[in-house]
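Just the heavy atoms: all of them, side chains too, but no hydrogens, waters or symmetry mates, feed the values below. Letters go in sequence order (proteins before strands), and every chain restarts at 1.
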2 protein chains.
Amino acid sequence: MALAHAIMTALIEDDLSGYELARDFETSLGFFWQASHQQIYQELRKLAERGWLNKREVNQRGKPNKIVYGLTQPGREALARWVYSSTRSRPAKDELLVKLYNLDADNAAHIAGEVTARREEMMRRLYLYEKIRRRHYGSPQTLPTRRKGVYLALVAGIRQGEQFLAWCDEALELLGSIDA
Amino acid sequence: MALAHAIMTALIEDDLSGYELARDFETSLGFFWQASHQQIYQELRKLAERGWLNKREVNQRGKPNKIVYGLTQPGREALARWVYSSTRSRPAKDELLVKLYNLDADNAAHIAGEVTARREEMMRRLYLYEKIRRRHYGSPQTLPTRRKGVYLALVAGIRQGEQFLAWCDEALELLGSIDA
DNA sequence: GCTTGCTATGCAAATGATTGCATATTATCG
DNA sequence: CGATAATATGCAATCATTTGCATAGCAAGC
């Protein structure tokens, strides 16, 4: 039930609608836990039924109405308990690495192309991360406690991304040396 | 259908039984694509029905008989085609990073404990990786093409692991500075 | 007025993955 | 002989996730 807790985590400081949550899950928290809007809407309904979230409809001008969800006290308590539960880490499943096991002279160029594409995607992501870090997490020591945690997650993403770029370069070099 | 292709990939050089595959998936290829034995047995049956794998029962001494699967020619062709298909990267879902968003003075010690546990787990994994690298991938330039790909996947695992260790240290330092 | 695009929510079906069983063979140790 | 552990395969139920579709409000531009 980790998606439920990821959603509740996203609602710690702000009440959000399903649409807004889905957008946030494309950045920010979504870097560590991705979910589609279908999943999110469904989970929101379940969480509201369980009493962990409350919902209210908000009329908007120039846009369709939205349903905004917020953490209830039982929700906050459940979330706090969850932090102490045992974590199972679901490691990344990466088709690209599996494809590398199938490397041969024919497909080397194609695989190099995929590595290049992933490298560029990661560059864009890192750019975003760095922007957030500079803007909000300049001096981590002085942050309030919870923000220190968010900072650490962000740093994990940045470090991982930088490492990935370096790996891409190494991979492209070796792949480039394969005769077609 | 990536599990299917991961399994076929594992069968490129050797014919294996479901049990052996499940064991290999705990190391090696399994670092980039995990699967339980239930999933593997089911997928093997489907792949055999589709004609991408053949199966034969092997009598053993001192052990129960096993069913060994091997790639058929159509299977090899399907696998080769798959390499050219578009890759969707399913990024890691990490509960620990979500938990960090919930950091407070009360749970900081618990979270630090989880980081420490993960650090030790990664140390063990890296030890394994390095052993494999030293034994089989000492001079990557001279490897046959396919092994170069496997080497790159291994290096990705090693680099990622080393980065994770560094992050754990940074995290533990910051977490340690939080007053309970 | 029509199309396009963003905002906003949702259902239904299929696939993928986990969890909890169930069973059987053989070796080893006490 | 009985217990334990490793080998070996599988079913059934549930949960998680993806895919494809459906609908609708409102704005902006043509």
S.K.: First locate atom CG of A:Leu100, then atom CG of B:Leu154, and finally report the distance between them rounded to the nearest 0.5 Å.
M.R.: 11.5 Å
S.K.: Using atom names, set out every protein N or O paired with an N or O of nucleotides 26-29 of chain C below 3.5 Å, distance rounded to 0.1 Å.
M.R.:
none

S.K.: State which residues pass side chain to side chain donor-acceptor pair (under 3.5 Å) with B:Arg56; sequence neighbours excluded, sorted by chain then number.
M.R.: B:Asp15
S.K.: Can you check the B:Tyr69 OH to D:dA8 C1' distance for me, whole Å?
M.R.: 12 Å
S.K.: Quick one: side chains of residues 173-180 of chain B, donor-acceptor pairs under 3.5 Å with protein atoms, not counting sequence neighbours, listed by atom name and distance.
M.R.:
from: B:Ser177; atom 1: OG; to: B:Leu174; atom 2: O; distance (Å): 2.7

S.K.: Quick check on D:dT7: is either OP1 or OP2 less than 4.0 Å from any side-chain nitrogen or oxygen of B:Arg23?
M.R.: yes
S.K.: For A:Thr9 and B:Asn102, test the side chains for any donor-to-acceptor distance below 3.5 angstrom and give the result as yes or no.
M.R.: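 Yes.
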S.K.: Could you tell me how far apart A:His5 (NE2) and D:dC15 (C1') are, to the nearest whole angstrom?
M.R.: 15 Å
S.K.: Side-chain contact, heavy-atom cut-off 4.5 Å: A:Arg118 with A:Asp94?
M.R.: yes
S.K.: Taking only residues two or more places apart in sequence or in another chain, which ones pass side chain to side chain donor-acceptor pair (under 3.5 Å) with A:Asp14?
M.R.: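 A:Asp14: no side chain to side chain donor-acceptor pair (under 3.5 Å) contacts found.
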S.K.: How many Å lie between OH on A:Tyr41 and C1' on D:dT23, as a whole number?
M.R.: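 Rounded to whole Å, this separation is 12 Å.
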S.K.: Run the salt-bridge test on A:Arg133 and A:Glu130 with the 4.0 Å N-O cut-off and return the result as yes or no.
M.R.: yes
S.K.: What parts of residues 31-40 of chain B reach DNA chain D, counting only heavy atoms under 4.0 Å away?
M.R.: B:His37, B:Gln38
S.K.: Among residues at least two apart in sequence or on other chains, which ones pass salt bridge (Lys or Arg N to Asp or Glu O under 4.0 Å) with A:Arg76?
M.R.: none
S.K.: Can you list, by residue number, the residues of residues 7-19 of chain B that have a non-hydrogen atom closer than 4.0 angstrom to DNA chain D?
M.R.: B:Ser17, B:Gly18, B:Tyr19
S.K.: Round to a whole Å and report the spacing from CZ of B:Arg45 to P of C:dG16.
M.R.: 14 Å
S.K.: Which whole-number value in Å describes the distance from B:Asn59 CG to D:dT9 P?
M.R.: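 The distance from CG of B:Asn59 to P of D:dT9 comes to 12 Å, rounded to the nearest Å.
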S.K.: Measure the distance from CG on B:Asp24 to P on D:dA8 and round it to the nearest whole Å.
M.R.: 12 Å
S.K.: What orientation do A:Trp82 and A:His5 show, parallel under 30°, tilted 30 to 60°, or perpendicular over 60°?
M.R.: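 Ring orientation, 0 to 90° scale: parallel.
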S.K.: Measure the angle between the two terminal helix axes of the helix from C:dG1-D:dC30 to C:dG30-D:dC1, five base pairs each, and quote it to 10°.
M.R.: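 Taking five pairs per end, the axes differ by 20°.
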S.K.: Find the distance A:Lys46:NZ to D:dC15:C1' and express it as a whole number of Å.
M.R.: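 Checked: the NZ to C1' distance equals 8 Å.
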S.K.: Hey, are A:Glu121 and A:Arg124 close enough for a salt bridge, meaning a charged N less than 4.0 Å from a carboxylate O?
M.R.: no
S.K.: For B:Tyr41, check ring pair (Phe, Tyr, Trp, His ring centres under 6.0 Å) against everything at least two apart and list the hits.
M.R.: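 With sequence neighbours excluded, B:Tyr41 shows a ring pair (Phe, Tyr, Trp, His ring centres under 6.0 Å) to B:His37, given in chain and number order.
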S.K.: For A:Asp24, check side chain to side chain donor-acceptor pair (under 3.5 Å) against everything at least two apart and list the hits.
M.R.: none
S.K.: Test of understanding: with side chain to side chain donor-acceptor pair (under 3.5 Å), list the residues that count as partners of B:Tyr137, not counting sequence neighbours.
M.R.: B:Arg147
S.K.: For the pair made of CD in B:Gln42 and C1' in C:dG20, what is the distance, rounded to whole Å?
M.R.: 15 Å
S.K.: Side-chain polar contacts of residues 157-166 of chain B - donor-acceptor pairs under 3.5 angstrom, sequence neighbours left out - could you list them?
M.R.:
from: B:Arg159; atom 1: NH2; to: A:Glu170; atom 2: OE1; distance (Å): 2.6
from: B:Arg159; atom 1: NH2; to: A:Glu170; atom 2: OE2; distance (Å): 3.4

